[in-house]
Amino acid sequence: MDKATPMTLPAVDIIETSESKGINGSHCTSIRKNQRALLDRNELERLPTNTCIYLLRGVRPFISKKSL
């Protein structure tokens, strides 16, 4: 049985910012940066069969209809 080579998908940065202010005038801002796959396996499996993702060098990935 052959093991499939995992495909490396482009990643997307997710930035979350939260801010809080205290009663005495204190102030706190926190920024959290995470990275996740552009689409995970479940999202890919739910794409319609007439849809594809183009990964072209120098261009951001995009979804398009398949041409027949």
Side-chain angles (χ1 to χ4, degrees):
M1 184 189 250
D2 292 338
K3 289 186 177 181
T5 304
M7 186 173 123
T8 305
L9 292 175
V12 141
D13 291 332
I14 300 171
I15 299 173
E16 298 174 7
T17 304
S18 64
E19 194 171 312
S20 62
K21 295 180 182 177
I23 298 172
N24 298 329
S26 61
H27 175 82
C28 177
T29 301
S30 67
I31 300 171
R32 188 173 77 180
K33 181 178 176 182
N34 291 324
Q35 200 174 50
R36 65 162 263 181
L38 185 60
L39 291 173
D40 65 23
R41 183 179 194 95
N42 291 328
E43 292 168 326
L44 284 172
E45 290 173 353
R46 289 184 293 195
L47 283 176
T49 56
N50 65 341
T51 303
C52 62
I53 300 172
Y54 286 93
L55 303 173
L56 305 172
R57 187 177 308 160
V59 179
R60 296 182 74 158
F62 61 95
I63 296 176
S64 182
K65 300 277 185 200
K66 291 181 183 176
S67 59
L68 299 174

Check: residues 19-29 side-chain donor-acceptor pairs under 3.5 Å, at least two apart:
| unit_1 | atom_1 | unit_2 | atom_2 | d |
| --- | --- | --- | --- | --- |
| H27 | NE2 | T29 | OG1 | 3.2 |

Residues forming a side chain to side chain donor-acceptor pair (under 3.5 Å) with S30, sequence neighbours excluded: S18

Could you work out, with salt bridge (charged side-chain N to carboxylate O under 4.0 Å, His left out) as the rule, every residue matching K33, not counting sequence neighbours? D13

Anything under 3.5 Å between a donor and an acceptor, one on a side chain of residues 48-58, the other on a protein residue two or more places apart or in another chain? List them.
none

Members other than I15 in its cluster, when Ile, Leu, Val, Met, Phe, Trp, Tyr link by side-chain heavy atoms under 4.5 Å? I31

Sequence neighbours left out, what pairs pass salt bridge (charged side-chain N to carboxylate O under 4.0 Å, His left out) with at least one residue falling in residues 45-56? R41-E45

